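Counting begins at 1 with the first residue of the sequence. Keep in mind that this is a model prediction, so the values were computed, not measured.
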Amino acid sequence: QVQVGESGGGLVQAGGSLRLSCAASGRTFSSYAMGWFRQAPGKEREFVASIRWTGGRTYYADSVKDRFTISRGSAENTLALQMNSLKPEDTAVYYCAASVYYSVNSYYTRASEYNYWGQGTQVTVSS
């Protein structure tokens, strides 16, 4: 059994910042990568950022580059998403996901590459 949980969402004004946290755990669980996705009302789920544990390679969607930073948490299988200069279009439910699939080349941008998902945390950015 694997558990994934997110926290840190909330309401913030445009230009403000939020920091999301995520943790994945379970017996015999070990992930090769973790990532963040988001889904706005009436929209499809979209990739936000990912990080590989080996080497710490990160990758970002163009829409959040230079504003968001994904990083390792202090504990194993945890991560954070620092969101700065938030825009109203960033409003969405943010989901943390973990992948147990190892890939040398993948940037883990597809939802199908992830096995475990959190319940999501709401981020609302007001104008």
Side-chain angles (χ1 to χ4, degrees):
Q1 185 176 358
V2 175
Q3 294 178 317
V4 179
E6 312 96 335
S7 63
L11 175 64
V12 65
Q13 294 182 338
S17 300
L18 284 174
R19 184 177 178 86
L20 306 183
S21 298
C22 174
S25 63
R27 295 186 64 183
T28 69
F29 172 78
S30 182
S31 66
Y32 288 99
M34 295 185 72
W36 291 94
F37 290 75
R38 66 187 183 186
Q39 187 168 23
K43 301 294 181 63
E44 64 182 6
R45 185 187 303 172
E46 66 176 354
F47 168 77
V48 176
S50 66
I51 184 169
R52 292 167 57 91
W53 296 134
T54 302
R57 185 179 70 187
T58 60
Y59 192 76
Y60 299 90
D62 289 340
S63 60
V64 306
K65 286 182 179 178
D66 302 320
R67 297 190 299 118
F68 291 10
T69 302
I70 188 171
S71 61
R72 304 173 190 267
S74 58
E76 187 176 352
N77 293 323
T78 63
L79 81 164
L81 183 69
Q82 179 66 45
M83 305 184 293
N84 298 325
S85 301
L86 284 163
K87 305 174 181 179
E89 50 263 45
D90 294 318
T91 295
V93 176
Y94 283 70
Y95 297 91
C96 176
S99 175
V100 301
Y101 299 128
Y102 173 73
S103 175
V104 175
N105 301 318
S106 179
Y107 289 100
Y108 293 89
T109 62
R110 297 176 296 177
S112 61
E113 295 179 278
Y114 295 85
N115 308 94
Y116 306 104
W117 296 80
Q119 295 300 307
T121 185
Q122 177 70 49
V123 172
T124 303
V125 184
S126 62
S127 301

K.L.:
Please answer whether the main-chain N or O of Glu113 pairs with a side-chain N or O of Ser99 as donor and acceptor at a distance below 3.5 Å.
P.N.:
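At least one qualifying donor-acceptor pair exists.
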
K.L.:
Going by heavy atoms in the side chains, are Trp36 and Met83 under 4.5 Å from each other?
P.N.:
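Side chain of Trp36 against side chain of Met83, heavy atoms only: no contact under 4.5 Å found.
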
K.L.:
As a quick check of understanding, evaluate side chain to side chain contact (heavy atoms under 4.5 Å, CB included) for Thr91 and Gln122, giving each step before the final call.
P.N.:
CA-CA 8 Å; Thr91 295; Gln122 177 70 49; 4.0 Å; yes

K.L.:
Applying the 4.5 Å side-chain criterion to the ILVMFWY set and letting contacts propagate, would Val104 and Tyr101 be lumped into a single cluster?
P.N.:
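No; tracing contacts between hydrophobic side chains, which count when under 4.5 Å, never links both residues.
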
K.L.:
Can you confirm whether more than 12 heavy atoms, excluding those of Gln3, are under 6.0 Å from its CD atom?
P.N.:
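At most 12 heavy atoms, drawn from other residues, nucleotides or ligands, come within 6.0 Å of this atom.
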
K.L.:
Is there a path of hydrophobic side-chain contacts, each under 4.5 Å between heavy atoms of I, L, V, M, F, W or Y residues, that connects Leu79 with Val4?
P.N.:
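Each belongs to a different hydrophobic cluster.
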
K.L.:
Looking at every non-hydrogen atom in both residues, tell me the closest pair between Arg45 and Ala111 and how far apart they are.
P.N.:
NH1-CB, 4.1 Å

K.L.:
Write out all pairs satisfying ring pair (Phe, Tyr, Trp, His ring centres under 6.0 Å) with one or both partners inside residues 39-84, taking only residues at least two apart or from two chains.
P.N.:
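Sorted pair list: Phe37-Phe47, Tyr59-Tyr107.
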
K.L.:
I'd like to know if the side chain of Thr121 and the backbone of Tyr94 have a donor-acceptor N/O pair within less than 3.5 Å.
P.N.:
no

K.L.:
Does any N or O in the side chain of Tyr108 come within less than 3.5 Å of the main-chain N or O of Ser103, such that one atom is a donor and the other an acceptor?
P.N.:
yes

K.L.:
Among Val125, Thr124, Val12, which residue meets the side chain to side chain contact (heavy atoms under 4.5 Å, CB included) test with Asp90?
P.N.:
Val125

K.L.:
Check this for me: Gln13, atom CD, are more than 12 non-hydrogen atoms of other residues, nucleotides or ligands nearer than 6.0 Å?
P.N.:
no

K.L.:
Is the backbone N or O of Arg57 less than 3.5 Å from a side-chain atom of Arg52, with the two atoms forming a donor-acceptor pair by type?
P.N.:
no

K.L.:
Whether the side chain of Tyr95 engages the backbone of Glu6 through a donor-acceptor N/O pair (distance < 3.5 Å, no angle test) should be reported.
P.N.:
no

K.L.:
Starting from Val48, can I reach Tyr116 by hopping between I/L/V/M/F/W/Y residues whose side chains sit under 4.5 Å apart?
P.N.:
no

K.L.:
For the residue pair Arg72 and Gly55, what are the closest heavy atoms and their distance?
P.N.:
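For Arg72 versus Gly55, the nearest heavy atoms are NH2-C, 3.8 Å.
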
K.L.:
Please list, one pair per line, the donor and acceptor atoms closer than 3.5 Å that link side chains of residues 14-24 to other protein atoms, with sequence neighbours excluded.
P.N.:
from: Ser17; atom 1: OG; to: Asn84; atom 2: OD1; distance (Å): 2.8
from: Arg19; atom 1: NH1; to: Gln82; atom 2: OE1; distance (Å): 3.2

K.L.:
Is the closest side-chain heavy-atom distance between Tyr114 and Ser50 below 4.5 Å?
P.N.:
yes

K.L.:
Tell me whether Asp62 is salt-bridged to Lys65, with the criterion being a basic N under 4.0 Å from an acidic carboxylate O.
P.N.:
yes

